[in-house]
Amino acid sequence: MKCLLDASYTLRGDKPAIRLFYKTREGSEIKEVTDFSPYFYATAKEDIAGLKKIIEKFDNVSGVEKQVRLDRGAEREVLRINVKQPRDVPSLRQEIKGLDGCEEVREADLPFAQRYIIDSGIIPMQHTKEIGLNVASFDMEVYNARGEPKAEKDPILMISYADNEGLRRVWSTKGKKLGLDYLVEVESEKEMIYKFIETVRERKIDIIVTYNGDNFDFPYLKDRCSFHNITPSLGLNNAKVKLERRGMNFGARVRGRPHVDMYPVCRQLFNLPRYRLEDVYFELFDQIKADIKAADMHRIWDSDDPVKLGEFIGYSMSDADATLRIALSLLPLQYELSRLIRLPVYECSRSASGQKVEHLLVGEAYKRNILVPNKPSERIFDERKTKSYVGAYVVDPIKGVHDNIILFDFRSLYPSIITSYNIDCSTIDCDCCSGERKKSPTGHYFCEKKDGFIPSVLGALVAKRVEVKNKLGEEKDPQKKSLLNVEQQALKLLANSMYGYFGFPRARWYSHECAEAIAALGRHYIHETIIKARASGFRVIYGDTDSVYLTLDELDLRDDIMRKAKNFLKEINNMLPGDMELEFEGFYPRGIFITKKRYALMDEHGMLSVKGLETRRRDWSEIVKDTQRRVLNTLLSDKDHKKAADIVKEVVAEIKEGAVPLEKLAINTQITRELGDYVQPGPHIIAAKKALRHGFDYKQGSIVTYIITRKGDSISDRARVIDLVEEGDYDADYYINNQLLPAVMRILEAFDYSEDELKGLGKQMTLDSFR
DNA sequence: ATACTACGGGG
DNA sequence: CAGTACGTAGTAT
């Protein structure tokens, strides 16, 4: 019984060797595979034998073989080119692509270890329950008196650690006398780092989890290690932590001990307005996690106030605890996805849904002897991005506040459309069928004789899910039940991503026509649902893509409404064919609908979920965020838009008087590049440059806190860093017109307020335009 | 309308 | 290392 945690390759002499990192019941095992060589394919324009002869003469090519593969549903001859080393592939594919007789180079961009996993058929992350993985989280607090902490100057103050065997630690250079059982005082930061690394190794940790460790904890830890001239040897065989570029961000890789960063995982799994650790913790466990403001940390540390220091250390411990708890609840799904997609958990947990689907398809293509299409070039990607189609059904909502809202979600509509219509680029408008029976509203039809590739993969996922759900129904053991539940979740997640994949501009199996046809059929079915809902006496407040928001005017009791809703659900589901299913997604006592994609709902616990409305980013001033919050809350709790409008009018008046303190008007924006490199400097850059002349230190990475003042022409001209502005010197018009009003108008436009009215200039256009 | 620039998580 | 995100929203021109 083995669990593949990680895979990579190394060179043994001039030969590549795949390294497989397993955990068994006995412990770690590293297996090396030396009889697998890198390869890719080439297709010929005409003379495949001639092309073969030319390629055979290349230096780093160890052999060329003629083979038959399926391409877009048809058989074709290809050349399989075996290569000596993976690193030879990029240059070779360029050269071969440039040959006169060569049409295309295929499958030349798959990482070597991933290629091996696909070809050998091994499955990562098996038997995780039986073997029992050791999971540990860690978190760091660092000194940050200058705002953004700088690794070359600011030390790590403490490292907190928690594992699933119950060990909890905070290593800190302060706090000895506080009597905290998890606190271990250390002499130095160096000792702190050593203790942490030692603990991970001694306790044979298999999975390291963090919250944003990819872009904060690990990079910072690495920098502090360099500072102290120590090696961050957290991996197996003393392997160092490695930072890899993943798009614009980093991924922190620990060889043989997969690091799973819960932040990207949560971003994929939940739909939340914010993804701070506390937000995710609340979402999962309904518990509020005490927070300490980053700006206060260095003061607490320097003050040596034992109470405050105790809170700070406790906070650090709670971060590691929370991260571990989140991980323990979400990792089973990550393991399951890793198994299904057959991608190691480090990569899988960081892949977006499009990449997940794609990797699954690459593996399934191998099994079916299908030649994998290439990724689009940047040019084609841009083309695809701009090419739109009549997408999902979205109707303008009935504007205003509504009570007792029921949400039905139609997500599994798309997978069942794909499988029942057999939608795929290998089946579209085939020669063997006429398509008269089943045409999509876009005019395309799909082969009724031969299964398409994606429908067959998707069909297998759906069938497997049905099987798992059946087992789930019979299973009594709660542990096995939860495993089965995770398995069906993973299958559902992948099945639901297939439609999006057809329209994903970077997809290898992208198909505009297929995506369009699926969307058109989706419109048809949801439209039918809405018509039937109306016929059953519901008021349809809003419908978007796969969901409908309904309410009943004549009933006010939650239970009555729920009963009627459930009955309607049954009625619809009885009429739907196959795996198609309308699902109950939620009940909301109150909600406000503004326009398409902009609404806020209050659930039964009084929690607000806001879509497309809030300005939470740091480049909005506090007064704007604050006023927006007040307006929303007033509308939802008092149902009184006049009261909400009055709040705005009050704030407008306050701004006009010059009475708003500067700190509430400050806008924060980061300098992301060298100051000289800006072609089109924004207000924060102009403000920073002006401040440089006054002796301030602004450079790449600094966050500029600035105010738009009265003196100057353009907005940039008038921007000054807050420390150089006198209280009251701000551009009231800017704050009213460019900050406050755009933000609150997003909400109040539903009530037919005009900007002028809110500014106190004109009259309200229509009073009580609804109920 | 288009180009450029920034946001997110973490302290 | 056979690999380089992403979708959205602001300002300036």
Side-chain angles (χ1 to χ4, degrees), chain A residues 8-9 16 38-40 83 85-93 105 107-116 139-151 154 156-158 210-220 242 244-251 261-264 266-267 272-280 291-298 301 312 315-316 319 323 347 350-355 359 375 385 504-506 597 612 615-620 667-673 677-686 703 714-717 719 738-739 742:
Chain A
S8 68
Y9 82 94
Y39 69 90
F40 60 93
V83 172
Q85 285 187 23
R87 67 168 180 224
D88 300 330
V89 171
S91 55
L92 263 174
R93 70 170 170 225
V105 160
E107 304 196 20
D109 56 359
L110 275 112
F112 189 43
Q114 290 177 27
R115 172 90 268 181
Y116 176 76
D139 181 59
M140 302 179 341
E141 312 305 327
V142 309
Y143 193 72
N144 62 346
R146 280 168 292 273
E148 193 75 7
K150 301 265 190 302
D154 301 318
I156 302 168
L157 303 178
M158 49 190 128
T210 62
Y211 201 83
N212 203 28
D214 275 350
N215 291 285
F216 181 74
D217 300 82
F218 271 118
Y220 209 91
K242 210 166 113 193
E244 300 176 332
R245 259 244 105 85
R246 294 187 74 85
M248 282 157 57
N249 289 327
F250 291 102
D261 187 336
M262 300 317 293
Y263 169 59
C266 293
R267 287 207 70 133
L272 303 176
R274 296 203 68 175
Y275 296 88
R276 294 170 310 185
L277 179 58
E278 52 188 291
D279 303 317
V280 169
D291 191 31
I292 291 186
K293 291 213 164 48
D296 297 335
M297 288 179 180
H298 71 279
W301 187 257
F312 190 20
Y315 160 78
S316 183
D319 271 5
T323 304
E347 284 88 355
R350 287 165 180 79
S351 306
S353 71
Q355 300 299 334
H359 197 82
K375 284 186 189 168
K385 255 197 318 192
F504 170 47
R506 280 197 203 279
K597 315 270 184 200
T615 33
R616 294 164 175 275
R617 294 157 46 138
R618 67 177 173 219
D619 52 356
W620 285 87
I667 302 165
N668 299 294
T669 312
Q670 192 174 27
I671 303 175
T672 54
R673 54 182 76 183
D677 291 351
Y678 280 90
V679 187
Q680 224 179 74
H684 63 302
I685 301 301
I686 305 291
I703 289 175
S714 67
I715 288 173
S716 292
D717 250 5
N738 295 41
Q739 290 257 321

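Protein chains get the first letters and strands the later ones, always in sequence-line order, with residue 1 at the start of each. The shown structure was predicted, so the numbers you read here are calculated from the model rather than taken from an experiment.
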**Prompt:** Taking side chain as C-beta onward, heavy atoms only, is A:D139 less than 4.5 Å from A:Y211?
**Reply:** no
**Request:** Please determine, for the side chain of A:M248, which listed nucleotide (B:dG11, B:dC7, B:dG9) has the closest atom?
**Result:** B:dC7
**Message:** Using the P atom as the point on both nucleotides, what is the distance between C:dA9 and B:dG9, in whole Å?
**Reply:** 15 Å
**Message:** Does a side-chain N or O of A:H684 approach OP1 or OP2 of B:dA6 to a distance below 4.0 Å, or not?
**Reply:** yes
**Message:** Measuring to OP1 and OP2 of B:dT5, would you say a side-chain N or O of A:T669 lies under 4.0 angstrom away?
**Reply:** no
**Prompt:** Could you spell out the base pairing of DNA chain C in dot-bracket, with Watson-Crick or G-U pairs whose two distances are under 3.5 Å, [ ] crossing and | to another strand?
**Reply:** .....||||||||
**Complete:** Among B:dG9, C:dC6, C:dA2, the one nearest any side-chain atom of A:F504 is C:dC6
**Asked** So, is A:Y315 near the phosphate of B:dG10, with a side-chain N or O under 4.0 Å from OP1 or OP2?
**Response** no
All N/O pairs under 3.5 Å across the protein-nucleotides 1-4 of chain B interface:
none

**Item:** Any A:Q355 side-chain nitrogen or oxygen under 4.0 Å from OP1 or OP2 of C:dC6
**Value:** yes
**Message:** Looking at A:Y9, I'd like to know whether one of its side-chain N or O atoms comes within less than 4.0 Å of OP1 or OP2 on C:dA2.
**Reply:** yes
**Asked** Roughly how far apart, to the nearest Å, are C:dA5 and B:dC7 at atom C1'?
**Response** 14 Å
